Each structure stands twice: as structure tokens, then as C-alpha cells.
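Quick note: numbers below take in every heavy atom, side chains included, and nothing from hydrogens, waters or symmetry partners. Worth saying up front: this structure is predicted, and the values here are computed from it rather than measured.
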Amino acid sequence: MRVTPFQQRVYDLVARIPRGRVATYRDIADRLGCGSARAVGQALKRNPFAPRVPCHRVVSSDLTLGGFQGKISGAAIRRKLRLLEGEGIRFTKGRLDESCRY
DNA sequence: AGTCGCCACGAAG
DNA sequence: CTTCGTGGCGACT
């Protein structure tokens, strides 16, 4: 499988997010000097090395869940939610607590 | 090589 | 809710 330099940089960054913390697509993009958070989403969508790269710890900038396993709703998203909850991340009314930002 | 269009986003209207 | 800017990248020529 092929990994572009941009993807590599995204994965490196995401791999550093500690358990129980999250970052937003926007956070990652900013940190890479990339103007498009959407580009980060694209990279994560085809994340070749899950779970070494914990893409479930990356969420939308409004602290809603964003996507998982190529989906933006449905069972995959419920799985993402359970993973995060399993790491002790708190939810209130469909949104992550601001406190668990990385 | 160039073009086109899609997208797990986000801000603005 | 909708629309629009965005930039990386796969598909296609």
C-alpha cells in the first residue's frame, strides 16, 4: 500500500494523541500548515495502519464525532463513540467535553 | 503531463 | 438548513 508524505505526517501526529484525549481535524491541519481540514479527513479515511494510528481520536472541530470507517453515521459511528467512551472520554448531549482536547 | 471531481471539514449565509 | 472555500489525491485522458 502506498502512503504519501502528507499522509505520513498526519499519521505521525495522530499516533501521538494519548489515550483519553482527542484532536480535531482542524487542529491537525493547522499543525501541518494545511489549509484544508478536509484533506486530513481524507488521509484518515484510508488509514492503512489502524489501530496503531488511533483515528477514532480525531473528531470535528465542533466536538461532534465526525466519521469513522468511511461513514459519517450509522453503526460505525456508534463504534467510534464506544471506543472513546471506553477511554474515559465524556460526552454530553452528543458532544465531547472540551476538557479532553489534546 | 494535465484535468476533473470527490471528500471522515469548517465557516459563513 | 444551504452554500462555498479549501487542498490532497485517485481516476482518467
Side-chain angles (χ1 to χ4, degrees):
Chain A
M1 55 184 23
R2 287 176 48 246
V3 178
T4 68
F6 176 78
Q7 288 167 334
Q8 186 59 255
R9 272 177 284 139
V10 172
Y11 301 146
D12 283 353
L13 231 53
V14 172
R16 287 186 189 99
I17 304 173
R19 230 184 100 91
R21 311 296 300 284
V22 297
T24 70
Y25 298 103
R26 185 71 183 151
D27 290 339
I28 305 291
D30 288 347
R31 190 120 174 243
L32 293 177
C34 171
S36 173
R38 209 165 184 175
V40 174
Q42 241 190 146
L44 285 175
K45 177 180 179 180
R46 357 178 165 58
N47 169 18
F49 4 38
R52 194 167 75 66
V53 172
C55 46
H56 63 279
R57 296 187 190 140
V58 185
V59 300
S60 303
S61 73
D62 63 356
L63 296 184
T64 59
L65 277 184
F68 193 55
Q69 295 175 345
K71 298 296 210 133
I72 58 174
S73 66
I77 298 304
R78 287 193 292 279
R79 257 176 265 127
K80 182 171 183 175
L81 174 57
R82 285 206 315 269
L83 279 173
L84 291 170
E85 285 175 333
E87 299 187 353
I89 289 173
R90 305 153 133 237
F91 268 82
T92 349
K93 292 302 174 199
R95 293 203 172 184
L96 293 161
D97 255 2
E98 175 69 34
S99 65
C100 46
R101 276 235 220 194
Y102 180 48

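Hydrophobic clustering (ILVMFWY, side-chain heavy atoms < 4.5 Å, transitive): A:V53 and A:Y25 are in one cluster. A:I72 and A:L81 are members of different hydrophobic clusters when ILVMFWY side chains are connected at heavy-atom separations under 4.5 Å.
Here the side chain of A:K80 pairs a donor or acceptor atom with the backbone of A:G67 at under 3.5 angstrom. A:Y102 contributes no side-chain N or O that, together with a main-chain N or O of A:V14, makes up a donor-acceptor pair within less than 3.5 Å. Without hydrogens or angle criteria, A:N47 side chain to A:C55 main chain gives no donor-acceptor distance under 3.5 Å.
Contacts of A:D62 classified as side-chain hydrogen bond (donor to acceptor under 3.5 Å, both in side chains), with partners at least two apart in sequence or in another chain: A:T64. Applying the side-chain hydrogen bond (donor to acceptor under 3.5 Å, both in side chains) rule to A:R57 yields the partners A:E87; only residues at least two apart in sequence or on another chain are considered. Residues passing the salt bridge (charged side-chain N to carboxylate O under 4.0 Å, His left out) test with A:D97, sequence neighbours excluded: A:R90.
Comparing A:G35 and A:R2 against DNA chain C, the residue whose closest nucleotide sits nearer the 5' end is A:G35.
Of the residues in residues 7-22 of chain A, not one places a heavy atom less than 4.0 Å from an atom of DNA chain B.
Salt bridge annotation for A:D30-A:R26: present, with a cationic side-chain nitrogen under 4.0 angstrom from a carboxylate oxygen.
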Could you run down nucleotides 3-13 of chain B 5' to 3' and tag each one B, S or - for protein heavy-atom contact under 4.0 Å?
---BBBBSS--

Candidate pair A:I17 and A:V58, rule side chain to side chain contact (heavy atoms under 4.5 Å, CB included), full reasoning:
CA-CA 9 Å; A:I17 304 173; A:V58 185; 4.1 Å; yes

Tell me, what's DNA chain C's dot-bracket, Watson-Crick or G-U with both distances under 3.5 Å, | for other-strand, [ ] crossing?
|||||.|||||||

